[in-house]
Number of protein chains: 2
Amino acid sequence: MPAGQRATDTAYEAVRQMILSGEAAPGTRLGEAELAEMLGLSRTPVREALQRLGADGLVEVLPHRGARVVLWTAADLEEIFELRTLLEPYAAARAARIGLEEPVLIELRGLCAAMERAAAERELARLAQLNSRFHAALIDASGNQRLPAMLTSVMHAPLILGTFHRYDAETMARSMAHHREVVDAIAARDPEWAASVMRSHLRAAAANLKEDQ
Amino acid sequence: MPAGQRATDTAYEAVRQMILSGEAAPGTRLGEAELAEMLGLSRTPVREALQRLGADGLVEVLPHRGARVVLWTAADLEEIFELRTLLEPYAAARAARIGLEEPVLIELRGLCAAMERAAAERELARLAQLNSRFHAALIDASGNQRLPAMLTSVMHAPLILGTFHRYDAETMARSMAHHREVVDAIAARDPEWAASVMRSHLRAAAANLKEDQ
DNA sequence: CTCAGTTCCATTGCATACAACGTAGGGGAA
DNA sequence: TTCCCCTACGTTGTATGCAATGGAACTGAG
């Protein structure tokens, strides 16, 4: 999804960032006129952007009643992690099977290092963003062209940020180690290993989420 | 996705049916003005409908260049069946685990019977439509609210129709038997069984597709 | 005081007009 | 003849105005 020059893309990115950064809290009403004025655009591209965000699952659009930032329940989180547990290990396995170019592996390891730095400094917002990029890169690396689009609706950073807030030092270290291990498994061209680590990674996150809820 | 009274919904359903019925062949250009005039609407709701269909994966919208009905390649079909093989067995297993109300089971068995009739009469278009309804019903029955939306992009009837055309009598009978067996497995509350049959069902379809390609 | 009915207002839905982009076709130079 | 550029047209992108819907506030009766 490129930024593009179109006003629609501007609006899409702007509203998306508002949501992902937490500026627009879950449940917030997103009025077309209000956003249009804020962004210096007309309602038309804003409206289109909201439709797209609705398709992404980031906002909820009700006929004649406008758009709101979606509210996540505990059940939603459970659903999301179940779906990720199905799809991401598959993506990791495929990436391992088809093999990745050296530059891609280097990029993934770079993200691992960056995440570890962010974790050490408790820069959780930055960590969540890097984490999203890491998982997105892996999904792209799977070679399945449909997977990225399918997962956009369940890979939203605000969720991830919420999970990182709960992590203690040990859990955090384990999560970082998982990232490294997935990349090593892929580099070793071992699909079973890659899928297995990814599954562990996601189940660990899901378990942590359930604990205090 | 309800029909709704809005012009946008009218346009969405109309164009969707054009594609699913084959009236608009893959690769066909979908001009906004042309569709608008055909449907007696303005370009605005048509445009919105095309965006939604783009998100569904039924049409491809290129900036400044309009929308076309998507073209499926063999690789696309392979991808789609891989994703369905991941998600639908999961759906069947969940349906078996949580258990279904008697009316739902009756509805599913009704669809099985209807499909068998359609298959016997070689009413393949009708069969494809019933088949879509059957799978959609199962996905709904999984209880995972996100699954239906995720699978819309890979559950398009034209594909299925294409597969049925290739079926000989034996393969067709096997496919129908799979449907019955999945329902029985769910009724028996056996998740493993349900998932396994569904997996067989999809792999059989995928194998058939690859044969003469 | 509570609740139902009604009116008003804010907001979304749709239509139309204009602007901007992309493509196809023609004309000129090498 | 061939290639490139440039112009013209058709299409998409955006803005704006009006219509229609939904909700809230107000009023009246019970």
J.: Take the protein atom OH of A/Y12 and the nucleotide atom C1' of D/dG13, then report the distance between them rounded to whole Å.
T.: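 Distance check: A/Y12 OH to D/dG13 C1' gives 18 Å.
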J.: Mind calculating the distance between CG (A/L39) and C1' (D/dA15) to the nearest angstrom?
T.: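 Roughly 15 Å, once rounded to whole Å.
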J.: Would you mind reading off the distance between A/D9 atom CG and D/dT12 atom C1', rounded to a whole angstrom?
T.: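 These atoms are roughly 13 Å apart.
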J.: Just say parallel, tilted or perpendicular for the rings of B/H135 and B/H179, cut-offs at 30° and 60°.
T.: perpendicular
J.: Using whole Å, report how far CD of B/E32 lies from C1' of C/dC18.
T.: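 After rounding, the gap between these two atoms is 15 Å.
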J.: Write down the distance between CZ (B/R65) and C1' (C/dA20), rounded to a whole number of angstrom.
T.: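 After rounding, the gap between these two atoms is 16 Å.
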J.: Taking atom C1' of D/dT16 as reference, at what distance in whole Å does atom CD of A/E37 sit?
T.: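 Nearest whole value for this atom pair: 15 Å.
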J.: Minimum heavy-atom separation for A/A137 and A/L108, please, with both atom names.
T.: CB-CD2, 3.8 Å
J.: Between A/H64 and A/S42, name the one whose nearest nucleotide on DNA chain D is closer to the 5' end.
T.: A/S42
J.: Compare all side-chain heavy atoms of A/T8 with those of A/R52 and state whether any distance is below 4.5 angstrom.
T.: yes
J.: Which comes earlier along DNA chain C counting from the 5' end, the contact point of A/T44 or that of A/G66, where each point is its nearest nucleotide?
T.: A/G66
J.: Nearest heavy atom decides the nucleotide; on that basis, is A/P45 or A/P63 closer to the 5' end of DNA chain D?
T.: A/P45
J.: Among D/dT14, C/dA15, C/dC14, which nucleotide sits nearest the side chain of B/T8?
T.: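 Out of D/dT14, C/dA15, C/dC14, the nucleotide with an atom closest to B/T8's side chain is C/dC14.
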J.: Any salt bridge (charged side-chain N to carboxylate O under 4.0 Å, His left out) pairs touching residues 104-116 of chain B, not counting sequence neighbours?
T.: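 Salt bridge (charged side-chain N to carboxylate O under 4.0 Å, His left out) check on residues 104-116 of chain B returns B/R109-B/D184, B/E116-B/R180.
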J.: Could you give the CZ-to-C1' distance, from A/R47 to C/dA15, as a whole number of Å?
T.: 12 Å
J.: Nearest-Å distance, CZ (A/R29) to P (D/dG22)?
T.: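 That distance rounds to 14 Å.
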